[in-house]
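Numbers for residues simply follow the sequence, beginning at 1. Heavy atoms only: backbone and side chains are in, while hydrogens, waters and symmetry mates are out.
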Amino acid sequence: MSAQAMNPSQEVISHGLPHIVWRVFTAFGILAVLSLALYLFGPLYGERMSHAGHSMDETTLPISIGSDSFQIPTNMIRHANQRIGGSTSRIDLYIHWPSQSGYTVELAPAFREANPKEIQLVLASVTKRRSFLDMADRFQPVYLDAIDQTKIKKMNNGLYVAPLLNEYGYVNEKLVYGLAQGTDRPEFIARCQMSTVAGDGLLLPCETDIFIGNTSEAKFRFATSQLVEWQSFSKELNAFADRISAGK
């Protein structure tokens, strides 16, 4: 007895099955390859994402601002578009303190810290000088008139703290300074943003500036915790400025 002939619909299904099976197996194959790639390279990609925007390159870059030359590690430069050598008008740095290091894998948590009480970073901007006086030299001619003389307080560590007056353009700021023995020029001076009632102050509310090189200045922003040991912190800031200027 001859085999029963297939109707047209059965013939279409029969001829189409190999193609469908092939497409299914291909799809599973692609998924398997993607899964393997994710397994092998996922941790590496995740690590790269976690360091996004930072550089772990410790190569020292020669940078010039005006007539001054600096030697700065690449991983200490905040912005990617500034991580090139040569002449510029400004360079922005972030520095782990007190190690005075740039970004590394080991120090990555410190660079992500968002707690003002725990932060261990100092920000610095190096530019051409905008004044004939640095902050310490501005103490007598500028800041003494701008502070509330009736509210000067001396802290246990020898620092003086006084609110800066609004009429001089300062908003919710205080002046913090330590006087050097036998001179009117402060050994250390900084302006700090005062905390609000809600306690939502800046991560790095204090700033100071010092001259660096022959025609440049460095402005530093730092946490109030650095004020506890202000004398050693002041010496470290000056030593850091000398080090990047001399390229040591």
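Under the 4.5 Å side-chain criterion, counting only non-hydrogen atoms from C-beta, V171 is not in contact with L164. With a 4.5 Å cut-off on side-chain heavy atoms, R191 and C206 do not count as touching. A heavy-atom distance below 4.5 Å is found between the side chains of Y177 and L175. When side chains are defined from C-beta on, K219 counts as touching E207, because their heavy atoms get closer than 4.5 Å. Looking only at side-chain heavy atoms (C-beta outward), V126 and I91 come within less than 4.5 Å of each other. Looking at heavy atoms from C-beta onward, P205 lies in side-chain contact with T224 at the 4.5 angstrom threshold. Between L123 and L93, every side-chain heavy-atom pair lies at or beyond the 4.5 Å cut-off. Between P163 and I147 there is no side-chain heavy-atom pair separated by less than 4.5 Å.
Following chains of ILVMFWY side-chain contacts shorter than 4.5 Å, one can reach V142 starting from I152, so the two form part of one hydrophobic cluster. Hydrophobic clustering keeps F139 apart from L237 (ILVMFWY residues linked when any side-chain heavy atoms are closer than 4.5 Å, directly or through intermediates).
Salt bridge status for R138 with D209: present, with a side-chain N to carboxylate O gap under 4.0 Å.
Remark: I72 CD1 to R243 CZ distance equals 10.5 Å, nearest 0.5 Å. The CG atom of L61 lies 11.0 Å from the CD atom of Q82; values are rounded to the nearest 0.5 Å. Between the CG atom of L121 and the CZ atom of R221 there is a distance of 13.0 Å, given to the nearest 0.5 Å. Note that the OG atom of S234 and the CD atom of Q231 stand 8.5 Å from one another [nearest 0.5 Å]. Interatomic distance, C192 SG to Q226 CD, rounded to the nearest 0.5 Å: 11.0 Å. For the atom pair D57 CG and I77 CD1, the distance stands at 9.5 Å (nearest 0.5 Å).
Heavy atoms of other residues, nucleotides or ligands lying less than 6.0 angstrom from CD of Q140 number more than 12. Counting non-hydrogen atoms of neighbouring residues, nucleotides and ligands closer than 6.0 angstrom, the CD atom of E113 exceeds 12 such neighbours.
When all heavy atoms of I119 and A223 are compared, the pair lying nearest together is CG2-CB, 3.7 Å. Shown here for L107 and G102, the closest heavy-atom pair between the two residues is CD1-O, 3.7 Å. Closest of all the heavy-atom pairs between D145 and L165 is O-CD1, 4.2 Å. When all heavy atoms are compared, the tightest approach of S232 to E229 is OG-O, 3.0 Å.
The stretch residues 205-229 participates, sequence neighbours left out, in these ring pair (Phe, Tyr, Trp, His ring centres under 6.0 Å) pairs: F222-F233. For residues 76-104, the pairs satisfying salt bridge (charged side-chain N to carboxylate O under 4.0 Å, His left out) are R90-D92, with sequence neighbours left out.
A donor-acceptor contact shorter than 3.5 Å is absent between the side chain of S245 and the backbone of F70.
The ring-ring contact (aromatic ring centres under 6.0 Å, His included) check on F111 picks up Y94, Y103, with sequence neighbours excluded. By the side-chain hydrogen bond (donor to acceptor under 3.5 Å, both in side chains) test, R129 pairs with no residue at all, sequence neighbours left out.
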Please list every donor-acceptor pair under 3.5 Å in which a side-chain atom of residues 154-162 meets a protein atom from a residue at least two apart or in another chain.
| from | atom 1 | to | atom 2 | distance (Å) |
| --- | --- | --- | --- | --- |
| N157 | OD1 | L159 | N | 3.2 |
| N157 | ND2 | L227 | O | 3.0 |
| N157 | ND2 | V228 | O | 3.3 |

Please list, one pair per line, the donor and acceptor atoms closer than 3.5 Å that link side chains of residues 179-189 to other protein atoms, with sequence neighbours excluded.
| from | atom 1 | to | atom 2 | distance (Å) |
| --- | --- | --- | --- | --- |
| T183 | OG1 | R185 | N | 3.2 |
| R185 | NE | D137 | OD1 | 2.8 |
| R185 | NH2 | D134 | OD1 | 3.3 |
| R185 | NH2 | D134 | OD2 | 3.1 |

Discussion item. Side chain to side chain contact (heavy atoms under 4.5 Å, CB included) for I65 and K128? Distances and angles first, verdict last.
Written reply: CA-CA 7 Å; I65 297 177; K128 292 191 70 173; 3.7 Å; yes
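There is no side-chain donor-acceptor pair under 3.5 Å between N75 and S55. Under the 3.5 Å distance criterion, with hydrogens and angles disregarded, a donor-acceptor pair is assigned to the side chains of D68 and S216.
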